[in-house]
Amino acid sequence: MTVLLGDPVLEELRQILGTDHVLTGKADRLNRARVPAPFPVHRWAERMPDLVVLPASTEEVAEVLRLANSLRIPVVPRDGGTGLTDGAVPLRGGIVVDVKRINQIKEIDLDNRTCTAGTGINALKLNEVLARHGLIYPDDPASYPCSLVGGRIGTSGWSLIGSRYGHTRDLVLSFDHVLPTGRVIHVGDGIGRKITKSSSGYQLKHLFMGHQGTLGIATEATLKLFPKPEAEFSPFWAFEDYDTAYRAVGALARAGVATFAGAVLFDEWKVDYLRRDDEAYIPQPSSVKALVCAALYGYEDEVRAGGRRLLRIARSLGARYLGDEISEGDWAARHDRYATPLHGRTRSGQVVPMSWHCEDASINYTNLPAVRLAWHEIADRLRRESDVFDDWGMFAYTNGATGADYLTEIDIGIWEQRLDDAAWAAWVRAKRDLAAVALAHGGSISACHGSCREGEVDLVPAELGGGYDVMLDIKRAIDPNNIMNPGKYLLDQAYAEKS
Amino acid sequence: MPDPEKRFAEEWRNAAYNCFSSGHKFCREVCPVMQVTRNESWSPTAFHANVVAMEKGELEVADVAADYVNCTGCGACELRCPNSLFTGDFYRFRTRTVDLVKAVRGLAVSQGVHQPGWQRWNLLTDERRHEPVLNGTPIEQERVRDWADGLDLPIGGETILFVDCEAAFYRTSVPRAVARILNLAGYKFGLMNEQWCCGGPAAEMGYEEQARRFAQHNLDDWRAAGVRRVLVLDPHDYITFTEDYPKYFGDAYDIEIVLVVELLAELIREGRLTPHVPVERTVTYHDPCRLSKRKGVWREPREILRAIPGVTFHDVDRVTQWSYCSGGGGGLPVEKPELTAKISEHRVGKAAELGVDTLVSACPWSERPLSEAGKARSIDVVDLHELLAESLGVAP
Amino acid sequence: MKYRYQEEMSPPPVQRVTDVAITRFEHVFEVEPGLMTEHVTQQTFPNWDTLRLVRSRADHLAWMHRHFADKVISGEELLDDLDE
Ligand SMILES: Cc1cc2nc3c(=O)[nH]c(=O)nc-3n(C[C@H](O)[C@H](O)[C@H](O)COP(=O)(O)OP(=O)(O)OC[C@H]3O[C@@H](n4cnc5c(N)ncnc54)[C@H](O)[C@@H]3O)c2cc1C
Ligand code: SF4
C-alpha cells in the first residue's frame, strides 16, 4: 500500500508530529532509501518510502504506529542508516520513521552505573558527556562515529572491544519499545530498567534486538556503563605466513588475560591491499604476509601485566612487533581506515571509487582457514568476471574472551557506478555462496550486520531450522498486519501460511 | 533536465560517487546543522547523493536548492570524512562538500532559483559594495573607513589591512584593536584605496558572477596601489583570498596573504608585543571554523591567549571543537536566523558547562550570534584581538 | 603561514617508494599519479591542504586514544621489561 500526497493520512501525521516533521519531498525520500551497502544505482528509486516522519518522543512513535497499523501502511524504522544488510531500506514504500531526533540523555545514574537516553543518540557523542564522570559506554563498532543506539538495538550489533565489555546485547540493559500496534512496552531482563540479570518470564530482550525493525521500534534505552579505562595497549605484529599468524591469534585469545578486549587476524590479501595506500604498510618488507593485533583496556598495572603476557606469547610464536607508532596509530584508526572508496583498483591497477562491502559470518576458530580459502575463491571468481569487483582481503576478529569463534569478514570492493543488472546478479549469487560456506562450516551467516539482504537471506531458514518457523509464528503474533519493515527476512511467509 | 544541470552533474559526478559509494556518515555528528535538526536531508551525505540522483534524472536543482541552504560552510564534514582525513592527501583527492554546496547554490541561481533572503542581501551588496550588515555605521562606500577615525592610518602602501564588512560596519572595535596593536608594534601598514566586499559571501550564496566582479575590483585596486601584501583579520576573508581568488586569477595571483592572528603571535614571540595588563576573566576559546577546521590554524590564537596575564583559560581541544560552530557562516543567518540561533545556543551551552564567564572568538562573523546566545547564560563574547589590545594597554 | 600562490602550488620533488606509492613531503606517502589518470583524476592540492590533512589526522588519532583511555602503554617498553 502506498500513501499519496494529499491523502488524509498526511494531515493526520502532521497533526501528530507538526508540519516540519513530516517530509514528502523527493530528495527527503531518496536519501532515506539508501544505506552504505551497494545497490544498483539505476534501481535506487524502487526503494523510496512515500513519506518520512521525524518523531521526537515515544508517544509520537506510538501514535504513528497506531495510525499505520489501522491503515496497513508499511513502516520502516531508520536510525543512523549505516546498517549493511539493508535493514533501514524500505522494500514496500510506506513511512520511514527516522528516530534521530529522539537523542536526549535522560539520566546518568552514577551509583548504579547506568545511563538512559533516546535511541537516536550516537555512542561517541554520549561518551563525550560520560567522560566528564569518568565513565564510558563501550559499544565500539567500526561505525562508532556514525551508528546510533536504535540501530545498534535493531541489528544486535557487534563491538570491536566486545571480548572485554560485551556486545550491544550485553550493554543495553532495557528499553522502551513500541510494538507494531502502537502499544508501548518496556523490555529488559525481567521488567527492571536497570536490572542486569533476571530469571523472571521469557527473556524478551534478545527477541526485541536484532530484528531489523520487523517487530517494532525502540525509543529509549538504558545502558550499562564502565569506568573509563586508565590505560590502553594495542600491539600489532607482523608474520611471514598466515598459518603462524593464525596459531598466534588463537593462543592470544585463549590466554585468558582479563583486560583482553579483542584480537584481529589480517590475511595476506588484506596485507596486499593495505600496501596500496596505508602509510603503515607501504614501507613493510615483502616478507610480511599476515598481521595480528590485540587490544587491552583497564587499569595501568593490569594492562601492563596482561600486555607483557601477550607479548611473550606472540614472541614465542614467531611474531615481530611492529613498533609503537604503527600499533598506536592503526588501532586509533580502526573506525576510519577501511571503508574509503579509492582503495578500489581495476585489474590494470587504476584507481576507481568502490563501495566497501563487508560480508561477515561467525566462524569457529578451527574452521577459519578453510572458510578463508573458500571465500577467496568466490571473490576471485567475481574479480575474474569483471572489474566491478575487487578482493580487499579478510579479517577475523574475536567474538569473545575465550576465542571460540570469530567475526570473519571478507571485504569486497564494488564499483557501484558500473553495477549493472548482470553484475548485481553475480553479486547476489556470490553472497549466497559466501553464506553457504559459512553454514557448511558450522558457522552463522552474520556476526554483526544481520542477514536480510538478497542472496544471503535465502539461507536463513536453513540456518535456523525449526527456529525459523518459530520466527514466523512470533512475527504473525506481534505484527498481525505485517506493517513493520515488510519484505525483510522472508517474513511475508508468515502471512501466506495463515491465509 | 536543462543542459546546465546535466553539465553540472557530469562535472561533480565522480566526486559525488566518492561519497555515495561510502555513505557511512562519519560526517554527520560533527555537522552543526545536523546536530540541531537531526534531519538527514540536510546532511553532507545527502548533499553528495543528490548529485548522483540528478545525474540519474531523479532530481532537478529546483527540488533541492532549499536543502542546500542548511550549511554554514564550516568544513567539519569534509575534514572528518575518512576520504579526506585518512586518504585525501594520499590520493590528492578529498571530499569537498563545502565547494559542492557553493556550486549547487550557484547552479540554482543560474537557473533562476533564488532564496529570497539571499537575493535581497546580494542585491543590496551589489548596490552598496558592502554587505547590508546594518545596525552600526550606515553602509556606504564613503563610510568603509569610518571605523579608523582618529587612527591616522595611511592609504595604500606595500602592506594593507583588509577589513571585512561585519567588522568595518558593525563590530568596529575589532579592526580598531588590530590597528592599534600593529601601530604599537611598529608594524607598517595602510588601508585600501577603495575597498569593496571581498565577494566571498556572494560566492557562498551562489552569486558567482557578482563575487568575481568584486574580486576583480579589489585585485585591480591592490595592483593600482602597488600593494604586495594583504593583512586579514577575518577568517572568512582569509578563505576568500586563499581559495576563491586563486581559483579566479590562477598564476597571475601574486599577492601575499597574511592572517593577523598569526602575525600577532609572531610579534609576541619576537618580543615586539608584551601583554602586561592583567585581564581577570575565566575564558574558553572558540575555534573559528574557517581557521581551525578549514585551515588548520588553532595554535596561534591559544598562544596569544596564554600570553595574556590574569586570564584563566579552560581550553577545549581543537578536535572536540570540530563539531562546534557559531552558525554564523555560509549565509545561514541571512536565510535561516532561527537555525543560526540554535547552533550558537548549542555552542554557548558547551562553554557554560566549563563554568567560564567569557567565550573568546577570533572571527567577527561568529561574534554576533554567539553574543546573542551568550546573553541568556551571562557569558560575554569577546574578540581575541580586543582582549589582546586590552592587555597591551592600548586605547579602544 | 603566509600564503603565496606560487609557493603553495609547488610541492617538493617526487621520490619513488614502491611501484604504487611516492613521497613528496617527508614521511607523507602519495599514490603513484599514473594510477589516477583514467577514472578518477587528482584534484588541485595546494601544499597547505596536504599538510593540514596530515596534521589533522595525527590530531584525530591522538584524540581517539584519549577518548577511550587516559593513557597509552608502549609495547617497546614492555618488551624491554621482558628482556630484563
Ligand atoms: C564503516 C562501517 C563500519 C561498520 N562496522 C560495524 C561493526 O564493527 N559492528 C557492527 O555491528 N556493525 C558495523 N557496521 C554496520 C552498522 O553500523 C550497524 O549495523 C549499526 O548497528 C547500524 O546502526 P544504525 O543506527 O546506522 O541503524 P540503521 O542502519 O538505521 O538501522 C539498522 C536496522 O535497525 C533497524 N532500526 C533502526 N532504528 C531502530 C529502532 N529504534 N528500533 C528498532 N529497530 C531499529 C532498522 O530498521 C534496520 O533494520 C558498520 C557500518 C559501517 C558503515
Ligand atoms: S561525506 Fe564522507 S563521511 Fe560523510 S557520508 Fe560521505 S564519504 Fe562518508
Side-chain angles (χ1 to χ4, degrees), chain A residues 20-21 23 25-32 34-38 41-42 44-45 48 52 54 56 78 80-82 98-103 120 122 124-125 128 132 142-143 145-148 277-279 333 335-344 351 353-356 413-417, chain B residues 13-30 34-43 45-50 52-60 63-68 80-95 320 323 350 353-354:
Chain A
D20 287 353
H21 301 127
L23 311 179
K26 195 167 180 198
D28 297 317
R29 295 179 294 134
L30 278 170
N31 281 298
R32 288 167 182 87
R34 300 188 54 236
V35 288
V41 187
H42 65 276
W44 184 0
M48 267 208 293
V52 177
L54 312 176
R78 182 177 181 91
T82 69
D98 184 332
V99 300
K100 282 193 267 298
R101 284 178 69 223
I102 315 180
N103 70 335
N122 164 255
L124 182 151
K125 285 306 205 190
E128 287 187 326
R132 273 185 250 134
S143 56
C146 47
S147 58
L148 308 179
D277 62 9
D278 191 307
E279 58 197 8
H335 312 115
D336 296 76
R337 244 304 169 208
Y338 305 109
T340 31
L342 296 184
H343 292 314
V351 173
M354 285 189 174
S355 198
W356 162 72
I414 300 186
W415 193 358
E416 222 171 348
Q417 234 170 323
Chain B
R13 177 184 55 203
N14 274 346
Y17 268 104
N18 204 42
C19 166
F20 189 85
S21 34
S22 317
H24 36 32
K25 310 169 184 89
F26 281 70
C27 49
R28 192 185 50 222
E29 300 291 332
V30 296
M34 268 304 302
Q35 287 178 70
V36 300
T37 65
R38 312 296 289 163
N39 182 347
E40 203 172 325
S41 310
W42 301 339
S43 65
T45 323
F47 292 157
H48 290 282
N50 289 342
V52 175
M54 284 166 78
E55 192 214 4
K56 294 288 166 209
E58 295 284 355
L59 289 176
E60 294 192 7
D63 300 324
V64 292
D67 288 330
Y68 286 79
R80 180 62 192 88
C81 175
N83 301 347
S84 298
L85 194 61
F86 281 79
T87 56
D89 47 305
F90 183 85
Y91 289 106
R92 291 184 170 258
F93 193 102
R94 69 163 168 88
T95 301
T320 301
S323 63
K350 299 286 183 196
E353 286 165 9
L354 303 168

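This is a predicted model, so every value here is computed, not measured. Quick note on labels: first sequence line is chain A, next is B, and so on, each numbered from 1.
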Next on the checklist: Is there a side-chain contact (heavy atoms from CB on, under 4.5 Å) between A/Ile414 and A/Trp356? Walk through the geometry before answering.
Outcome noted: CA-CA 6 Å; A/Ile414 300 186; A/Trp356 162 72; over 6 Å; no
Side chain, backbone, both or neither of [X] within contact of chain A (heavy atoms, under 4.5 Å):
X	result
B/Glu55	neither
B/Thr37	backbone
B/Lys25	both
B/Asp67	side chain

Which atoms of [X] are under 4.5 Å from chain B, going by heavy atoms: the side chain, the backbone, both sets, or neither?
X	value
A/Leu342	both
A/Ala56	neither
A/Glu279	neither
A/Leu124	neither
A/Asn103	side chain
A/Leu23	side chain
A/Arg32	side chain
A/His21	neither
A/Val351	side chain
A/Asp336	both
A/Ala333	both

Next on the checklist: Pair A/Arg78, A/Val52 - check side-chain contact (heavy atoms from CB on, under 4.5 Å), show working.
Outcome noted: CA-CA 10 Å; A/Arg78 182 177 181 91; A/Val52 177; over 6 Å; no
Next on the checklist: Run A/Lys26 and A/Leu30 through side-chain contact (heavy atoms from CB on, under 4.5 Å) and show every step you take.
Outcome noted: CA-CA 6 Å; A/Lys26 195 167 180 198; A/Leu30 278 170; 4.2 Å; yes
Can you name the closest pair of heavy atoms from [X] and [Y] and give their distance?
X	Y	answer
B/Val52	B/Ala16	CG2-CB, 4.0 Å
A/Asp28	B/Ser41	OD1-OG, 2.5 Å
B/Asn83	B/Thr87	O-OG1, 3.4 Å
B/Ala49	A/Trp44	O-CH2, 3.5 Å
B/Ser21	A/Pro341	OG-CB, 4.1 Å
A/Ala27	B/Val64	CB-CG1, 3.5 Å

Top residue by heavy-atom pair count (under 4.5 Å) with chain A, among [options]?
options	value
B/Lys56, B/His24, B/Arg80, B/Glu40	B/Glu40
B/Thr320, B/Val30, B/Asn50	B/Asn50
B/Phe86, B/Phe90, B/Tyr91	B/Tyr91

Checklist entry - What about the rings of A/Trp415 and B/Tyr17, do their centers lie closer together than 6.0 Å? => result no
Checklist entry - Does some side-chain heavy atom of A/Gln417 sit less than 4.5 Å from a side-chain heavy atom of B/Asn14? => result yes
Checklist entry - Between A/Arg34 and B/Thr45, is a side-chain hydrogen bond (donor to acceptor under 3.5 Å, both in side chains) present by the stated rule, with each step listed? => result CA-CA 11 Å; A/Arg34 300 188 54 236; B/Thr45 323; over 6 Å; no
Shorter than 4.5 Å, heavy atoms on both sides: which option in [options] has the most such pairs with chain B?
options	value
A/Leu148, A/Val35, A/Asp20, A/Thr82	A/Leu148
A/Gly80, A/Gly25, A/Gly120, A/Pro353	A/Gly80
A/Arg101, A/Arg29, A/His343, A/Glu128	A/Arg101

Checklist entry - Does the pair B/Glu29/A/Lys100 count as a salt bridge with the N-to-O cut at 4.0 Å? => result no
